[in-house]
Number of protein chains: 2
Amino acid sequence: MEPNQQIRIAVDAIVFGYSSQKLYILFIKQKYGEYKDKWVLPGGFVKNDEPLIQAVHRELQEEAGIKVNYLEQLYTFGDDINRDKRFRVISVAYMALVDATHLNLTADTDASAADWFDITSMPVLGYDHEIIVQQAIERLKNKLTYQPIGFDLLPDEFLFSDLENLYMSILNKEIDRRNFRKKLLSFGFIEETDRVSSHKSGRPAKYYRFNVEKYTALQKKGFHFDLMI
Amino acid sequence: MEPNQQIRIAVDAIVFGYSSQKLYILFIKQKYGEYKDKWVLPGGFVKNDEPLIQAVHRELQEEAGIKVNYLEQLYTFGDDINRDKRFRVISVAYMALVDATHLNLTADTDASAADWFDITSMPVLGYDHEIIVQQAIERLKNKLTYQPIGFDLLPDEFLFSDLENLYMSILNKEIDRRNFRKKLLSFGFIEETDRVSSHKSGRPAKYYRFNVEKYTALQKKGFHFDLMI
DNA sequence: TCAAAAGTGTTGAGTTTACACCCATGC
DNA sequence: GCATGGGTGTAAACTCAACACTTTTGA
């Protein structure tokens, strides 16, 4: 009953970032092998004594110097037995969200090796990563409507217009400002701060904050986030 | 860059069956090893050139002689590096649904080795399978409300009361017969047949059928199954 | 004729959608 | 004072939730 398996296990991360009304994904330029100079998802092989989730964090740290706000297992790709030509690889894909402060990669990284791409203008990807990315985008869109993960793509304090634009640009839908605001405020976990924005023109806007404690408290009482946009 | 991995990959299946208002899960009695004589989920190691999904089908066939109506990848358990004492194992869990005609296991199986357990009276399980099972039950409950998978737990032709009882018993909720019927029929993918039930007492009931084609057609037009019970 | 389960409509409450004008600031 | 984006309320349409009696059969 001892298996003689020759299957490698890897993790891949689809890291989403949001900035100026565009959704970005992080890619890494391969340095070696069949896909040299192609862009691929950050990720790599799991170490023998390393939990999967830790492997994801490690790879993101090594390859892009990034710490994420949100990380969730997406799907395990193991049906195409030839996705890597060298040997059979099964890949566990994770979806991660970062806020815009991480969209600068200069700090910890070899700048040429990692970059953000607007999802409307992505490069050709190596392996089967195009498929993985498409699935991740779908998952993100779905999840935005039934879990409050949009806040993980924004800074701690944000304008209501930021939140609204985030939803509109990711879901490609028009949203009525009044109804959107009414609904989100009615939930009771979005709090006004006393900071006020001052940009070039227009009336200054208040900053708001997502109160995680209030959200989890509500959740325990049976509350179910749903934007049904 | 060649990894020297010593990680095994396995699949496990949580197979749900439904009969006389109870939800059942299929377990296998281990014959060897640390968990000898303990009940565990059907599953096993993936072969080198075998797609994951095929491994699941194979194991279900070998261990219980079962073909499923529905199969979906659930989650990959790979964070607890000691879940199997012999070596590190990462397990990809799948959720499967069968209809009640499969609840007899005598045909293809060593009867002592596989059995169905009502989820309210499950045995002690080996490995970390208790956790996996709990997650699967949660997923099933959720999914019942937003995907029409309840039909995969019923025979092709079923009574409306069967469907209603299935939802009530799995979700532990009272359902108003009139509202439930009204809503499901309004979707337009449940069809009346001309078969009529005849049981001991009470007015005979019509059999109904779930029309998959109509459902997928609606789905493409943007329809979204939702029972919000 | 009685017991048992199937079948059927209506009303009030709550939620969602559509919609337009005033406000505060910078230039 | 005007351009720019922020902030606000109301009414109609729709959906959901609650509720009880009639029908058909077998015994």
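Just so you know, these numbers come straight off a predicted model, no measurement behind them. Just so we're on the same page: letters track the sequence lines, and every chain starts at 1.
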Parallel, tilted or perpendicular for A:Phe225 and A:Phe223, by the 30°/60° rule?
perpendicular
For chain B, the stretch of DNA chain D it reaches, first to last nucleotide, under 4.0 Å of its heavy atoms
D:dC16 to D:dG26
Could you tell me how far apart A:Lys206 (NZ) and C:dC23 (P) are, to the nearest whole angstrom?
15 Å
Per-pair distances, 0.1 Å, donor-acceptor, side chain in residues 15-26 of chain B, under 3.5 Å, sequence neighbours excluded:
residue	atom	partner	partner atom	Å
B:Tyr18	OH	B:Leu166	N	3.2

Just checking, any donor-acceptor pair under 3.5 angstrom between side chains of A:Tyr94 and A:Glu59?
no
List for me each residue that meets ring-ring contact (aromatic ring centres under 6.0 Å, His included) alongside A:Phe117, sequence neighbours excluded, and say none if there are none.
A:Phe27, A:Trp39
side-chain contact (heavy atoms from CB on, under 4.5 Å) filter on B:Tyr146, not counting sequence neighbours, yields B:Asn142, B:Lys143
Considering residues at least two apart in sequence or located in another chain, which fulfil the ring-ring contact (aromatic ring centres under 6.0 Å, His included) criterion with B:Phe210?
B:Phe151, B:Phe189, B:Tyr215
Stretch residues 166-188 of chain A: residues that reach within less than 4.0 Å of DNA chain C through a heavy atom
A:Asp176, A:Arg178, A:Asn179, A:Lys182, A:Lys183
If I take atom CZ in residue B:Arg203 and atom P in nucleotide C:dA6, what distance separates them, rounded to the nearest angstrom?
10 Å
Under 3.5 Å, is there a donor on one side chain and an acceptor on the other for B:Tyr208 and B:Arg181?
yes
Just the rounded figure in Å: distance from P of C:dA6 to CD of B:Glu192.
14 Å
Under 4.0 Å between any heavy atoms, over every strand shown, what does A:Ser198 touch: base, sugar-phosphate, or nothing? Just pick one.
nothing
Is the closest side-chain donor-acceptor distance between A:Glu191 and A:Tyr207 under 3.5 Å?
no
